[in-house]
**Q** 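Quick one: the structure is below, questions incoming.
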Amino acid sequence: MVLFLFRRLVVALLVCTAVLVFAFALTRLSGDLAISIAGPNATANDIEVVRKAYGLDRPLIEQFFDWVGRAAVGDFGQSYFYKEKVSKLIFDRVPITMTLGLVGLSIALVIALPLGVIAALNEGRLIDRAISLVALLGQALPSFWLGLMLMITLGLYLGWLPISGTGTWQHFVMPGLVLSFSAIPALMRLTRSGMIDAMSADYIRTARAKGLSRGSIILKHAARNAAMPVVSIAAVQLGFMLGGSIVIETVFALHGVGFLAWESISKNDFPTVQAVVLLLAIVYTLLTLLADLLNAVLDPRLRAS
Amino acid sequence: MSQPLIEIRNVSQTFRVKDGLFGKPRRIMAVDGVSLTLNAGDVIGVVGESGCGKSTLARVILGLQKPTAGEVLIDGKRLHDLSGKERARLIQPVFQDPFSSLNPRRRVRDIVGMPLVAQGGIPGSEVRSRVEAIMQRVGLDPAMGERLPAQLSGGQRQRVAIARALVLRPRIVVCDEPTSALDVSVQAQILNLLAELRRDFGLSYLFISHNLAVVEHVASEVAVMYLGRIVERNRSADLFHNPQHPYTKALLASVLTPEPGLGIPEIGLGDAMPDPSNVPPGCRFHPRCPVAISECATRAPVVTASQGGAVECHLVEAASV
Amino acid sequence: MALLEIERLEIGFGGLAAVRGASFAVDKGETHCLVGESGCGKSVTALAVMGLLAPTATRKAAGLRFDGQDLSGLSEREMSRLRGDRMAMIFQEPMTSLNPAYTVGSQMAEVLIRHRGGSKKAALDRAAELLERVRITSPGMRLGQYPHQLSGGLRQRVMIAMALMCGPELLIADEPTTALDVTVQAQILKLLDELQRELGLAILLITHDLGIVARVAHRVSVMYAGEVVETAPVAELFGAPTHPYTRGLLSCVPVPGKIAPGEPLGSIPGIVPRVGHGFTGCAFRQRCDLAGPDCEGTVPRRTLAGDHQYLCLREPTEIARS
Amino acid sequence: MTTNKIGLWLGAVIFVGIGLIALFAPLLAPQDPFQQDLTRRLLPPFWMDGHNPTYLLGTDQLGRDYFSRLIYGARISMMIGILTVIGSGVIGTAIGVVGGFYGGKVDDVVMFAITTRLSIPLILVALAIVSIVGSSTTVVVMTLGLLLWDRFAVVARVATMQVRTQDFVAAAWAAGCSHFHIVLREILPNILAPLAVVTTLEMALAILLEAALSFLGLGVPPPLPSWGLMIAEGKDYMFFSPWVITIPGVALCVLVFGINLLGDGLRDLLRTGRTT
């Protein structure tokens, strides 16, 4: 188990390193960063000044290691646009995005798990088809559009929820709902197929042959085994949701990390973009690690190896 | 005596397996220093329980796996010096599971003709006629060539697999549990067919099975494997009538012939199941052996000639001195 | 005295008739073997008795009685009270038949708690006692282990011990040794044989292996295409097989000493037909040397001396001559 | 015909229908989708009061015919969807098959590449790339094509590993077939079914992503009538003229829903096809 954890950590570190390289290369895609930073109206002289000021005249490799070296201790440099430390910019906005992600995941789980189980237990029947159809429809809704439509209906016409901003908990309901929609179909589908697989497993037949009650068969014997893939996908989905929050935060004007990322992208604020990409990658990696640990708790076979 | 058709010299095969992506790698000793010869026209039966390495041995002989140590000579030539095409003309497989051994997306005639096409340079018309001829020979209507494997019964699929193995007219066929997945009545059809084809085509078989009754019926010589080693080898009649190794005796005792009134035999083997990733020291059979002596746990027995065959057992060793 | 009586059992899956009027009875304390090739309906019959058929299957029977009680009228809830208590079942695949997520002890204990109530402690004590009974060493340690830590043979022993938790009268064993190595197979069969004698269990053993049948059965029923074509005490069946299918099947098995090596084995030509609803006559007629046009009509069940029944139009003397 | 067959057909009809609309857009569109007329801004569609029969679905904030823009928008979505899955499908399948076929160290590298790709935040990186390189349809297709290969790779890898262990592949080795032959004739035909399902999923995802990128102003550049861009342009008017965002949104939904139905139907068809 300890060995397993250690190996997982090594791979996670390697992945983060790869993302580090990727994030650095990403911002160099344009060829000359200085031109982008200086803006469209800059003279050749301005560009030279920028180049010097940001250290872009040094060899690429030196810039890279300089950046990595500082990123390793949490220093992502100064934002070009906000003129603030990137780490502070991000740190201030993490709570909003985390809240949004967790609200989204909670809504998704509350909706997807029961629906998936109900669909699985009624496999092939009308209710299963109906649930699958709704999931398909949910998958087809573009999140930004769904957000706008909810703003019009729930916000404007019905007046139930605030349209944008971050003041109260109500402000998180609509964006959380929209965000959850991106995860519900996948979670529902996996819960369904996991339950169907588990219910058709030989050990369920054994449980029935033992005369156990239906409740005990479903809740004790099937659900435990069906939960493992769902735990993995829930972690992955939370990662995707945090990444996808960029669209929703923009729509709802929530000043979280996603909104910051979008602003930095449109303002060519590369240190911030790099830092957010890296941060999200690390969070994603940690989430998958967490899912592995949870699965090891659920599955004695994993615990042993 | 002419040179043997297959000569297996001290072949070993180990695998490193990982449990999942990040599991701890384990070393599995699937085959451990096996030597065996197959003479032209013989059928050598290899028997043993699951995990004894008999299927790995088959894969090594077929050239599907490069052995970790040792070498295989076919018709005097080193297996790994042969090209894939040359090897295919000498030796062909028939596998156990007639469902996984045929590509579900290809038609029967393409499956049977595949070895011919792989040789290259054979005109299409010749491929077609040879495929039809061999299909007829194994008892399949050539019109079935248009079908997909899913449209055939288990016995018909196994006939397709046999036709594919014979279409190149090889000299050796490695049969890896060719009838284990079949019903008894179909098993009999396939065994009879294999016997006929051997006579007519002058084939030699390496016949792997866990079913001793089947092996006694088809094999002229038998090798018994346990945890990667051949523990006893002899002419079939001698081995079945006068087994030397305690494991062979136990295996023979556990054959349940359809004779009522005989009851269930007492096998007397311990519960320590063989684990190829954790081979016991000394004689690898000693944890389960009913007649083990103290020496068995410390020193590995050497191959001893006995009753016209070869045995690896301390008791036989002691008796022969 | 019959413990389990099955009369004209019919099971269908959509348009396919898996079992077509199978009848046989299992006496108290006897080992009854149901033998046949894949697809003959033997496993489905066992599942039907236990009430474990898939919801898509249809079951109909003129009689399905356990200890005099009509099973076909019982609700799922009432059936589940019987299962694991008075009738238990073990399966072919010991590797997948135990839940990988729970310990052996927990899976064994829940049977007793479900049917008899009582504390978990008492149930675990009973489990340990039974593990010892099925000759598992250090039962206390095994109770805390997970299925993946056990070998196939051990798992099947655990399955057997689990089936015995409530002291059932009937044990249905569906190909219990098919997935095991031959040496382990003999050990498991030996164990079943002993338990049967000591506990007075009735065992319905489903198998395709005539060797197993000959060694463990008191009585044998041969199934073909959803029908019991012959049923007889074991010595009678092997000594005087009467139905052409039974005779064909026995000739296919290589028996050391009976058929010389190299000699062709007997075989049954053709393949098992797929039988739909409304099929009449003998299902074996396309593969039978003795078949005539009359075999398309109703086939009688004939009774011979020695409690021996078979399903065929031909006289025993006629069959023996062929 | 089961309910799912109906879904499959409905999906196919939607997909092919919108494909045909995209193909014949110049013939179908009643007006020039780029023609502005500031005197006729934000006219309502036909079911509302004050509509103009010339403009079936009304006009946008620049007075362009909304119906014609919608039809031309189908071109962008279809093109992006199809071109992206061709690119990402080839990349992902190649990576996955190589990893699954060779196993060992090669597979470790493939797994590492997949894990790394998955840990990179998709939308954020796509936005950044388009922002840096400059927005155009080509850039969007290239970016999405280079990012959306992960699921192809995962599925192709697992499917290849399963097929590789089957005995018919061993028989092909024993028959002396080349690696190329084995991958092409024995393995690929047997992994196409799950890949077909992935193709529909990824096409739907690509279409939604393009819409999202365009909505955020970093996708297809104006004045092209991308549905996502139409929603973005209508956003400022949505509280007073909700149809300007409803219409392109519904179009997007219908197309993606159709593709999803198609994929779902295929998945079921292939699953039952295997058992019978």
**Q** Of the backbone (N, CA, C, O) and the side chain (C-beta and beyond), which part of Val250(D) lies under 4.5 Å from a heavy atom of chain A, both, or neither?
**A** both
**Q** Output the option from Leu216(D), Leu208(D), Val256(D) having the highest count of non-hydrogen pairs under 4.5 Å with chain A.
**A** Leu216(D)
**Q** Any idea which of Ala281(A), Gly243(A), Ser132(A) has the most non-hydrogen atom pairs under 4.5 angstrom with chain D?
**A**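 Result: the option with the highest number of such pairs is Ala281(A).
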**Q** Which bit of Leu218(D) comes within less than 4.5 Å of chain A, counting heavy atoms only: side chain, backbone, both or neither?
**A** side chain
**Q** Tell me which one of Leu278(A), Val19(A), Leu26(A), Leu280(A) satisfies side-chain contact (heavy atoms from CB on, under 4.5 Å) with Ile120(D).
**A** Val19(A)
**Q** More than 12 heavy atoms of other residues, nucleotides or ligands under 6.0 Å from CZ of Phe257(D): yes or no?
**A** yes
**Q** For each of Ile123(D), Thr246(D), Ile207(D), tally heavy-atom pairs with chain A at distances under 4.5 Å, and name the one with the top tally.
**A** Thr246(D)
**Q** For chain A, find which of Ala113(D), Gly249(D), Gly134(D), Gly263(D) contributes the most heavy-atom pairs closer than 4.5 angstrom.
**A** Gly249(D)
**Q** Of all the heavy-atom pairs spanning Ile245(D) and Ile231(D), show the shortest one and how long it is.
**A** CG2-O, 3.6 Å
**Q** Atom CE in Met151(A), atom NZ in Lys235(D): separation rounded to 0.5 Å?
**A** 7.5 Å
**Q** What part of Leu156(A) gets within 4.5 angstrom of chain D, counting heavy atoms only: side chain, backbone, both, or neither?
**A** side chain
**Q** Counting only heavy atoms closer than 4.5 Å, note whether Val276(A) contacts chain D via side chain, backbone, both or neither.
**A** both
**Q** Could you verify whether a donor N or O on one side chain and an acceptor N or O on the other, from Glu202(D) and Ser88(D), lie under 3.5 Å apart?
**A**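 Judged by distance alone, the side chains do not pair up.
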**Q** For Leu133(A), is it the side chain, the backbone, both, or neither that has a heavy atom closer than 4.5 Å to a heavy atom of chain D?
**A** both
**Q** With rounding to the nearest 0.5 angstrom, report the CZ to CG distance, Phe240(D) to Leu42(D).
**A** 11.0 Å
**Q** Give, as side chain, backbone, both or neither, the part of Leu127(D) having an atom under 4.5 angstrom from any heavy atom of chain A.
**A**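 Both backbone and side chain.
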**Q** Could you measure the distance from the CG atom of Leu260(A) to the CG atom of Asp269(A)? Nearest 0.5 Å is fine.
**A** 7.5 Å
**Q** Identify which part of Ala204(D) has an atom lying under 4.5 Å from any heavy atom of chain A, answering side chain, backbone, both or neither.
**A**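 Contact with chain A is absent: no heavy atom of Ala204(D) under 4.5 Å.
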**Q** Any salt bridge between Asp264(D) and Arg267(D), counting N to O under 4.0 Å?
**A**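 Judged by the 4.0 Å cut-off on N to carboxylate O distance, Asp264(D) and Arg267(D) do form a salt bridge.
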